[in-house]
Amino acid sequence: MTDDRAAAVVLAAGKGMRMKSALPKVLHPLAGRPMIAHVAANLAPLACDPVAVVVAPGMAAVERAVAPWPSVVQAEQLGSGHAVMAARDRLAGVAGDVLVVYGDSPLVSTESMRRLLARRRAADRPAVVVLGMRLDDPGEYGRLIVGADGGLDAIVEYRDADADQRTINLCNSGAMAIDGRRLFELLDKVGNANAKGEYYLTEIVAVARRDGLACAVVEAPADELLGVNSRADLAVAEAALQQRLRARAMVEGATLVDPRTVYFAYDTRLGRDVTVGPNVVFGPGVVVGDNVEIRAFCHIEGARIEAGAVIGPFARLRPGCEIGAGARIGNFVEAKNARLAAGAKANHLAYIGDASVGERANIGAGTITCNYDGFDKARTEIGADAFIGSNSALVAPVTIGERAIVGAGSVITRDVAPDALALARAEQVEKRGGAERLRQMKAGGKTAPAKGRAGD
Ligand code: UD1
Ligand code: CA
């Protein structure tokens, strides 16, 4: 292995007790994907090799989330230092740097990881480089003890820190770059005589100093280095991430009318001159073309929206939607696995599921594609320029031909030919003078004939 390619260890075996959850902590989502997937995505550009993800027994879901990176199992959770030891076999023969990152610090950027490695390679060759952050309220983070020469002398865990040390606001984020040739020799000297009785990775700094080795700190912005131990921390990390995603959307040319109320997924892509109204939520897998307008209170996931379309207010696009150029999805319209071609419109109160709607077709208010019969899903095909009258039920599988018109209130169970007019509703009955007779009957105290009896 060459010296400039690092190995990496991702720690994810902690029990996450403070989350009070059946789900492993690192699988709790941020911006639509698990925390550990954020760590993996930020680590990936460094092309570390080998990578070992340390998990606890029974964390198959975490192993799947990080595949193809291999996992190693830490049989007992005896501390973060002990966790790195679990990767010893996997890292055998590594002579370059080892980057250690925590699965519960999901926002550490690729850039900060690069800076850690770069500092390790500086002329003074510190054996351990720690990513630090300054916090106004450092809470229970480990504190970085910096010597008079500016080098790092120790990391003191909050529980083991004295009152003076607790006033230090330079904190440990968890991420470190360590000389791979010394890593395990140093870890072997880490003990567990501390408040938690754990083998702390953080003690590696004091151990290295005792061996006469230099250690260093690289600082990064605090909002990148948030550790997630509780649901409250998760909410803080989500807020920090959303802030970043909103800023990026605006930098890339979208108008967010009220940025604080727009929630993005990690992978939301917006084109130029997109306008997003207040209170819009994006789930994963959304791609939005140029000049699209997304009005207030929409919920959109798994959808491609092409240029110039107008969505909402109050629309819901579920996975598998493709909304063509200039198409319109109006208020209280839900679509799922549906393709609306260019210029198609569903402006009010409709459900369009498992359907394809041709160019310029118009879906009237209250139209429902009845895609599910309680057993199977079936598709509805609506041709170009078709017109579906209000409150129609299209019972799938069914095809409405091009330019066909379906009368309002129809229940369509058979295919409609192109250019045909389909009416599938009860014939209207009109009784001349019937209203007047009814009024007289009511005024005379008589009861109207009972309806619906046998023989009526
Ligand atoms: C840790 C640091 C602390 C730092 C903080 C930053 C230690 C001892 N302390 O504290 O200095 O300020 O992170 O967020 O590391 N893990 C295992 N196996 C174990 C124990 C932990 O894999 O046996 C993993 C966890 O999954 C987690 C990481 O190690 O990813 C840190 O463990 P955690 O218990 O969360 O440490 P903190 O108390 O947050
Ligand atoms: Ca933690």
Side-chain angles (χ1 to χ4, degrees), residues 8-19 21 23-28 34-36 38-40 43 52-59 62-63 65-66 71-87 100-108 112 128 130-135 137-145 152 154-161 165-166 168-176 178 187 190-207 217 219-220 222-234 236-237 240:
V9 182
V10 181
L11 301 189
K15 292 195 203 84
M17 304 291 278
R18 288 164 279 184
M19 297 295 280
S21 175
L23 189 69
K25 175 165 69 175
V26 297
L27 294 183
H28 280 261
M35 270 195 260
I36 191 84
H38 287 272
V39 176
L43 182 58
V53 182
V54 182
V55 300
M59 285 192 178
V62 177
E63 296 185 33
V66 298
S71 298
V72 296
V73 176
Q74 181 193 16
E76 268 189 287
Q77 281 55 67
L78 301 180
S80 50
H82 184 263
V84 176
M85 302 265 253
V100 178
V101 292
Y102 287 1
D104 68 351
S105 292
L107 306 182
V108 177
S112 292
V128 179
V130 173
L131 195 61
M133 56 183 165
R134 286 187 194 274
L135 294 174
D137 175 13
E140 301 198 352
Y141 286 101
R143 306 298 206 264
L144 302 185
I145 314 290
L152 180 62
I155 304 176
V156 180
E157 289 305 301
Y158 175 77
R159 292 194 194 200
D160 302 299
Q165 291 168 327
R166 286 183 182 181
I168 295 172
N169 73 347
L170 183 59
C171 299
N172 174 31
S173 73
M176 291 185 193
I178 306 164
L187 279 179
V190 166
N192 66 348
N194 52 51
K196 274 175 123 181
E198 288 188 353
Y199 296 90
Y200 293 156
L201 175 61
T202 47
E203 201 182 317
I204 199 171
V205 173
V207 167
V217 186
E219 287 187 44
D223 71 345
E224 252 189 44
L225 307 186
L226 294 165
V228 175
N229 293 323
S230 65
R231 308 261 182 174
D233 294 340
L234 186 69
V236 171

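In this chain, residues are counted from 1 in sequence order. Here the structure is a predicted model, which means the values were calculated and not measured. Indexing begins at 1, ligand by ligand and atom by atom, following the structure's order.
Nearest protein heavy-atom neighbour of atom 18 (N) of ligand 1: Gln74 OE1, 2.7 Å. Nearest non-hydrogen protein atom to atom 7 (C) of ligand 1 is Ser80 OG, 3.4 Å. In this structure, the protein non-hydrogen atom closest to atom 13 (O) of ligand 1 is Tyr102 CE2, 3.4 Å. The closest protein non-hydrogen atom to atom 22 (O) of ligand 1 is Ala13 N, 3.0 Å. In this structure, atom 30 (O) of ligand 1 lies nearest to the protein heavy atom Leu11 O, 2.9 Å. Here the protein heavy atom with the shortest distance to atom 25 (C) of ligand 1 is Gly14 N, 3.6 Å.
Here is the list of ligand 1 atoms found below 4.0 Å of a heavy atom in Ala83: 17 (C), 18 (N), 22 (O). Those atoms of ligand 1 that come under 4.0 Å of a heavy atom in Gly103, given as number and element, are 30 (O). Under a 4.0 Å criterion applied to the non-hydrogen atoms of Leu78, ligand 1 contributes the atoms 23 (O). Within the listing of ligand 1, atoms 38 (O) sit less than 4.0 angstrom from a heavy atom of Arg18. Contact atoms of ligand 1 toward Gln77: 23 (O) (distance under 4.0 Å to a heavy atom of the residue). For ligand 1, the atoms closer than 4.0 angstrom to any heavy atom of Asp104 are 27 (C), 30 (O), 35 (O). Near Gly227, the atoms of ligand 1 lying under 4.0 angstrom from a non-hydrogen atom of the residue are 14 (O).
Looking at Lys25 against ligand 1, only its side chain comes within 4.0 Å, counting heavy atoms. By the criterion of a heavy-atom distance under 4.0 Å, neither the backbone nor the side chain of Cys171 is placed next to ligand 1. No part of Glu198 comes within 4.0 Å of ligand 1, judged by heavy-atom distances. If you look at Val26 next to ligand 1, there are no close heavy atoms at all, none under 4.0 Å. When non-hydrogen atoms are compared, ligand 1 lies under 4.0 Å from the backbone of Ala12 (N, CA, C, O) but not from its side chain. Contacts with ligand 1 closer than 4.0 Å are made by side-chain heavy atoms of Thr202 only, the backbone lying farther away.
When the options Val156, Ile155, Asp160, Asn192 are evaluated for a side chain to side chain contact (heavy atoms under 4.5 Å, CB included) with Tyr200, the one that passes is Asp160.
Taking a 4.0 Å cut-off on heavy atoms, Glu157 registers as neighbouring ligand 1.
At least one test fails for Arg143 against the ring of Tyr158: distance under 6.0 Å to the centre or angle within 45° of the axis.
For the pair Met59 and Val26, the minimum side-chain heavy-atom distance is 4.5 Å or more. Side chains of Val39 and Val108 form no contact here, defined as non-hydrogen atoms less than 4.5 Å apart.
Among the atoms of Asn229, an N, O or S atom falls under 3.0 Å from the Ca ion (ligand 2).
Comparing Ser173, Pro138, Gly132, Gly79 against atom 20 (C) of ligand 1, the shortest heavy-atom distance belongs to Gly79. Of the candidates Val156, Asn229, Asn172, Val100, the one placing a heavy atom closest to atom 5 (C) of ligand 1 is Asn172.
Of all N/O/S atoms in Asp104, OD2 sits nearest the Ca ion (ligand 2).
Distance check for atom 35 (O) of ligand 1: a protein heavy atom is found below 4.0 Å. Less than 4.0 angstrom separates atom 32 (O) of ligand 1 from none of the non-hydrogen atoms of the protein.
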Given Val84 and Leu11, is the side-chain contact (heavy atoms from CB on, under 4.5 Å) satisfied, shown in steps? CA-CA 7 Å; Val84 176; Leu11 301 189; 3.9 Å; yes
